Number of protein chains: 2
Amino acid sequence: MARVAAQDRRQQLIDAAIRVAERDGIAATTTRRIATEAGASLATVHYCFRSKQQLFEEVLRAIITELSEAAQGDIRPGPDARTLLHDGLRALWEIVEKEPGKQQLTYELTHYALRQPGMESFARWQYETSYAACAAHLEGIAAAAGIAWSLPMPVLARMLMTVIDGVVLGWLVDRDSPTAVAALDSLADLFATLAVPPA
Amino acid sequence: MARVAAQDRRQQLIDAAIRVAERDGIAATTTRRIATEAGASLATVHYCFRSKQQLFEEVLRAIITELSEAAQGDIRPGPDARTLLHDGLRALWEIVEKEPGKQQLTYELTHYALRQPGMESFARWQYETSYAACAAHLEGIAAAAGIAWSLPMPVLARMLMTVIDGVVLGWLVDRDSPTAVAALDSLADLFATLAVPPA
DNA sequence: AAGCGTCTTGGACAACTGACTCAGTCAGGG
DNA sequence: CCCTGACTGAGTCAGTTGTCCAAGACGCTT
């Protein structure tokens, strides 16, 4: 094992943990597997992190940060809110279909965090971050299309997140892309009816 | 321990397993805890079930069956599709808020089944059952309100399930009932616009 | 009442995996 | 050349699972 700064080794272990969790699920993400995946010894894991809990917290942080960055789709000026909504969701959908393991992992992490005493805040943070991203996206659309939304932003953001979560979850189970995309498109259509002329 | 027919004892163990899983999560649902919860000995578990896997399969079957039965809300004749949709979702929401543990468990079970080799079919079955229940409900509404739906039923059913899943999942994380209900109501409103006069 | 299946149990076993510890080794910068 | 930080082998200890057993308890039939 090459000698590496502890900070770098930590990052390697976090990356390895994410790979294992994506592939095998969080339940199967043990310190041993993480160590093997990273090509390090088990003891190294405990040298770099005080506990598995701490490692997992870093993993969660990394994934949530990565996700919220990936969701920062640029909004190209478009004809109307409906088109912008469709484009945004389609772009998101491409990412989802490309990395099903990562999506599955985010849900698993949510439930894991909800169950783990002292980690509930991570689940909440995950969703707050997501809602914020949805809100930003919707405000970007309003600005680009010159419209206003006919519902309060917190409710709107939750509705959008709801739609995304629901469609992704359903698709993860049966992988029925045509129906999932059809549902997504129709929901986007419905959503677009909430766009109104600015006050 | 009172003497009980093996068949009844099996049911008791399944019920106990569900209680433990609701309370502590599936990951923490061990054979020993199940036995304790049921007030039976560990040996009884293995007397009644060939393996933990078999017990879990029965648990899944029981929960999915129970859920689909709970979803069979009766549709009272109402003025319009919008009202019927709202009533149905509100009724569902009452159940959700009353038994958050059960909801959390269903999601965990989905992901558990998706990860467990040879149990993916349970996850698919779970969602097929749910979609069927959604479709039945929507058709009931159409009949009761004398309307038709402007989208194919498979897509519609998935959209409804999407909305339910998404709202419940979001609520499980932050328990923000007002916003969740607001989102649910608005989504029901949107959904209602898909009701059209019959052909 | 005796007999005989059907349940029930405590206790044990081996095999495994989990997180975590620690004394000690090694490499490279000063 | 030595010291600090990186690394590790070899453990500890606890938990879970599947399996088995010998023994006992219960209730139904004859």
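Lettering follows sequence order; numbering is per chain, from 1. Given the structure is predicted, the values throughout are model-derived calculations rather than measurements.
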Between [N] atom [atom2] and [X] atom [atom1], what is the distance in whole Å?
X	N	atom1	atom2	answer
A:Phe49	C:dG18	CZ	C1'	19 Å
B:Asp8	C:dT8	CG	C1'	15 Å
A:Gln54	C:dA19	CD	P	15 Å

Sequence-distant partners of A:Arg175, salt bridge (Lys or Arg N to Asp or Glu O under 4.0 Å), two or more places apart
none
Partners passing side chain to side chain contact (heavy atoms under 4.5 Å, CB included) against [X] (at least two apart in sequence or in another chain):
X	value
B:Leu42	B:Thr31, B:Arg32, B:His46
A:Ala28	A:Asp24, A:Arg33
A:His137	A:Ile75, A:Ile141
A:Thr193	B:Leu190

How would you list all residue pairs meeting salt bridge (charged side-chain N to carboxylate O under 4.0 Å, His left out) that involve residues 37-50 of chain A, not counting sequence neighbours?
A:Arg19-A:Glu37, A:Arg23-A:Glu37
Summarise how protein sits on nucleotides 20-30 of chain C as a single string, 5' to 3': B when a protein heavy atom is under 4.0 Å from the base, S for sugar-phosphate-only contact, - for no contact.
BBB---BB---
Taking the six-membered ring for Trp, are the ring centroids of A:Phe56 and A:Phe49 within less than 6.0 Å of each other?
no
Quick one: which of D:dT16, D:dT8, C:dA19 gets closest to the side chain of B:Thr30?
D:dT16
Tell me whether the side-chain N/O atoms of A:Tyr47 come closer than 4.0 Å to OP1 or OP2 in D:dA6.
yes
Tell me whether the side-chain N/O atoms of A:Thr44 come closer than 4.0 Å to OP1 or OP2 in D:dC7.
no
If a pair satisfies side chain to side chain donor-acceptor pair (under 3.5 Å) and one of its residues is in residues 148-163 of chain A, list it, with sequence neighbours excluded.
A:Arg158-B:Asp174
Contacts to DNA chain C from residues 20-28 of chain B, heavy-atom cutoff under 4.0 Å, which residues?
none
